[in-house]
Amino acid sequence: MKYDVIVIGSGPGGYISAIRAAQLGSKVAIIEKYSTLGGTCLNVGCIPSKALLDSSHHYYDAVHHFEEHGISVEKPTFDFSKMVARKASVVEQTTGGIKYLMDKNNIEVFEGLGSFEDATHVKITKNDGSSEVIEGTNIIIATGSKPSSLPFISIDKERIITSTEALKLKEVPKHLLVIGGGVIGLELGSVYKRLGADVTVIEYAPTITPTMDKDVSKELTKVLKKQGVKFNVSHGVTSVERKGDEVVVKATNKKGEEVEFNGDYCLVAVGRRAYTDGLALEKAGVKVSERGQVEVNDHLQTNVSNIYAIGDVVRGAMLAHKAEEEGVVVAEYLAGQKPHIDYNLIPGIVYTWPEVAAVGKTEQELKDAGIDYKAGKFSMRALGRSRASGDLDGFVKVLADKATDEVLGVHIVGARAADLIMEMAVAMEFRASAEDIARICHGHPTYSEAIKEAAKAAWDGKPLNA
């Protein structure tokens, strides 16, 4: 069987590229080794984690905030098994939706492990051991990533776990140790903290979310500490050992002293690695980098001209929406169009509460690049909408070019930051100035007014409500 496009992997990058290629007239096949479509994001990543974050948030509000709104309930309790079952239902509905889209777009789905026979032929090894080979004029590698670990840690998937296992625990930990203060560790740590676990985060860098703007990291640390999360930054983990139902983590602090942490579960959240296991890239002659990522050019084309790669398996931020955009770009490029991605304008989001979102450059990046900039900042606490909802923590910070007033970066900690950031992503795509944003009428009362105020602070230094 011959196809115009074969996509290996059905995560957000893979299934979106398959749909776009089919929309543009290609005969498309997609290969997925698991029994459900959607990849990490839909099955053991973005979607299930947000389901648990929302459920735990509702419980946390019932315990801590209902009374101040005049809502009296008996002491709230939760059924963790129901939360997990709801999460599973959300995942099932979402992955089922991908199957519907494959059928709708006449995309042939093959279940099994895809591996290269040569540059145009892919072997599909099925779970029953049988196999078949299909041919593709163009092939897109979209195999994603897997959780990383440290060389001396043995992940037993019971007490010493990755994000995959953390999403399907049978109980709420008594004390969850989290190695890594990035997005995954903080989100899953938040879930279990809200449900009553003690949560201790151990981070090697001097701040949590170390790649984000320093003001964001500082504010998020303050807010999560207030919620009861304990942080140990500048701590290098040296060993993780399970002793029955206890996990012991040893680390060296910034003074060089050895410290010990004890918990009943340990979540290892030190990042993710490109996943190319079983692809047999060498048979197709595809090059990989020292980090194990598939090497691509600006068109996401590998060194083999008809083979492309997208998403977590290539360079750049490991984000589902980045993979989606790359999938669209490759499909359109193959159809003779001239698509583009501005990687600077791909937003980064942390789904704690308050949420964190950013797009563009951080202050440190602007300083390092020698760019003369100005900053405007506005506190969520000063907003009428925030006072009405009780979501007072956080701020919006707008960074703009000092000479041209063009917005160069936006950083938000606050309620619905994940949605608010998109206003600024659109604005920056069209090279908006801080004055442009400040002069746009924003609805009142809304959280988005903080963006208008921060933009005005960056433009002329005179926000109206501060």
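Taken to the nearest 0.5 Å, the CD atom of Glu332 stands 4.5 Å off from the CZ atom of Arg20. A distance of 4.5 Å separates CZ in Phe261 from CD1 in Ile202, rounded to the nearest 0.5 Å. Taking SG from Cys41 and CD from Glu324, the interatomic distance works out to 7.5 Å, rounded to the nearest 0.5 Å. Between atom OG1 of residue Thr302 and atom CD1 of residue Ile141 there is a gap of 6.0 Å, rounded to the nearest 0.5 Å. Of the inter-residue distances, the one linking Ile16 atom CD1 with Glu325 atom CD reads 9.0 Å to the nearest 0.5 angstrom. Interatomic distance, CG of Asp54 versus NZ of Lys87, reported as 14.0 Å (0.5 Å rounding).
Taking each heavy atom of Ala450 and Val396 in turn, the nearest pair found is CB-CG2, 3.6 Å. In this structure, Leu420 and Ala415 approach most closely via the heavy-atom pair CD1-O, 3.7 Å. Here the closest heavy-atom approach between residue Gly189 and residue Val199 is recorded as O-CG2, 3.5 Å. In this structure, Pro354 and Leu220 approach most closely via the heavy-atom pair O-CD1, 4.4 Å. Closest approach of Ala197 and Pro173 over heavy atoms only: CB-O, 3.0 Å. Nearest heavy-atom pair, Gly327 versus Ile310, reported as atom, atom and distance to 0.1 Å: CA-CD1, 3.6 Å.
A heavy-atom distance below 4.5 Å is not found between the side chains of Glu67 and Val73. In this structure, Met102 and Ile19 have side chains that are in contact, with non-hydrogen atoms separated by less than 4.5 Å. Side-chain atoms of Val268 and Val240, non-hydrogen and from C-beta on, never get closer than 4.5 Å to each other. Side-chain contact check for Arg86 versus Leu52: every heavy-atom pair is 4.5 Å or farther apart. Looking at Leu176 and Asp198, their side chains never come closer than 4.5 Å, going by heavy atoms from C-beta outward. Side-chain contact check for Val413 versus Met380: every heavy-atom pair is 4.5 Å or farther apart. Looking at Ile8 and Leu279, their side chains come closer than 4.5 Å, going by heavy atoms from C-beta outward. The closest side-chain heavy-atom distance from Tyr275 to Asp312 is not below 4.5 Å.
Ion pairing of Glu219 with Lys222 is present here, as a side-chain N (NZ or NE/NH1/NH2) and a carboxylate O approach within less than 4.0 Å. A salt bridge is defined here as a Lys NZ or Arg NE, NH1 or NH2 lying under 4.0 Å from an Asp or Glu carboxylate O, and Glu187 with Lys50 meets this definition. Using a cut-off of 4.0 Å between Lys/Arg side-chain N and Asp/Glu carboxylate O, Lys287 and Glu295 are scored as not salt-bridged.
No side-chain donor-acceptor contact under 3.5 Å links Gln301 to the backbone of Val296. Although no hydrogens or angles enter the test, the distance criterion places no donor-acceptor pair under 3.5 Å between the side chain of Tyr351 and the main chain of Cys46. Under a 3.5 Å cut-off, the side chain of Glu453 and the backbone N or O of Leu464 do form a donor-acceptor pair. The closest donor-acceptor contact from the side chain of Asp405 to the backbone of Ser433 lies at 3.5 Å or more, if one exists at all. A donor-acceptor pair under 3.5 Å is absent between the side-chain atoms of His65 and the main chain of Tyr60, judged by distance alone. Looking only at distances, no side-chain donor or acceptor of Arg273 sits under 3.5 Å from a matching main-chain atom of Lys146. Listed for the Glu365 side chain is no donor-acceptor partner under 3.5 Å among the backbone atoms of Gly409. Side-chain N or O atoms of His442 include one that pairs as donor or acceptor with a backbone N or O of Ile440 at under 3.5 Å. Looking only at distances, a side-chain donor or acceptor of Ser289 sits under 3.5 Å from a matching main-chain atom of Gln293. A distance-only check finds no donor-acceptor pair linking the side chain of Glu355 to the backbone of Thr352 [under 3.5 Å].
Using modelled atom types, one finds a donor on one side chain and an acceptor on the other under 3.5 Å when comparing Asn43 with Thr36. In this model, no donor atom of one side chain and acceptor atom of the other lie less than 3.5 Å apart for Trp353 and Asp393. Checked by atom type, the side-chain pair His444/Glu449 shows a donor-acceptor distance below 3.5 Å. A donor-acceptor pair shorter than 3.5 Å cannot be found between the side chains of Ser56 and Tyr192. Between the side chains of Thr238 and Thr252, no donor N or O sits under 3.5 Å from an acceptor N or O.
Relative to the six-membered ring of Tyr265, Arg159 meets both conditions, a distance below 6.0 Å and an angle of at most 45° to the axis.
Atom CZ of Phe231 has more than 12 heavy atoms from other residues, nucleotides or ligands within 6.0 Å. For OH of Tyr343, the number of neighbouring non-hydrogen atoms (other residues, nucleotides, ligands) closer than 6.0 Å is greater than 12.
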* **Full working for salt bridge (charged side-chain N to carboxylate O under 4.0 Å, His left out) between Asp298 and Arg315** => CA-CA 11 Å; Asp298 290 343; Arg315 64 181 181 237; 3.8 Å; yes

* Asked: Given the rule in the side-chain contact (heavy atoms from CB on, under 4.5 Å) test, do Arg194 and Tyr59 qualify, once you have shown the distances and angles that lead to the verdict?
  -> CA-CA 8 Å; Arg194 293 169 187 168; Tyr59 172 72; 5.5 Å; no

* Can you list the steps and then say if Thr362 with Val216 is a side-chain contact (heavy atoms from CB on, under 4.5 Å)? -> CA-CA 10 Å; Thr362 67; Val216 164; over 6 Å; no

* **Worked verdict on Glu92 versus Ser89 for side-chain hydrogen bond (donor to acceptor under 3.5 Å, both in side chains)** => CA-CA 5 Å; Glu92 184 179 355; Ser89 174; 5.5 Å; no

* To do: Starting from the C-alpha separation in whole Å, work towards a yes-or-no answer on side-chain hydrogen bond (donor to acceptor under 3.5 Å, both in side chains) for Asn232 and Thr200.
  => CA-CA 8 Å; Asn232 298 271; Thr200 299; 5.2 Å; no

* To do: Any chance you could lay out the side-chain contact (heavy atoms from CB on, under 4.5 Å) test for Val410 and Leu399, step after step, and finish with the verdict?
  => CA-CA 6 Å; Val410 181; Leu399 306 173; over 6 Å; no

* What's the verdict on side-chain contact (heavy atoms from CB on, under 4.5 Å) for Val229 and Val201, showing C-alpha distance, side-chain angles and the deciding distance? -> CA-CA 7 Å; Val229 179; Val201 175; 3.9 Å; yes

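Among Lys214, Lys374, Lys397, the single residue meeting the salt bridge (charged side-chain N to carboxylate O under 4.0 Å, His left out) criterion with Glu363 is Lys397.
Annotation: ring-ring contact (aromatic ring centres under 6.0 Å, His included) contacts involving residues 373-430, sequence neighbours excluded, are absent.
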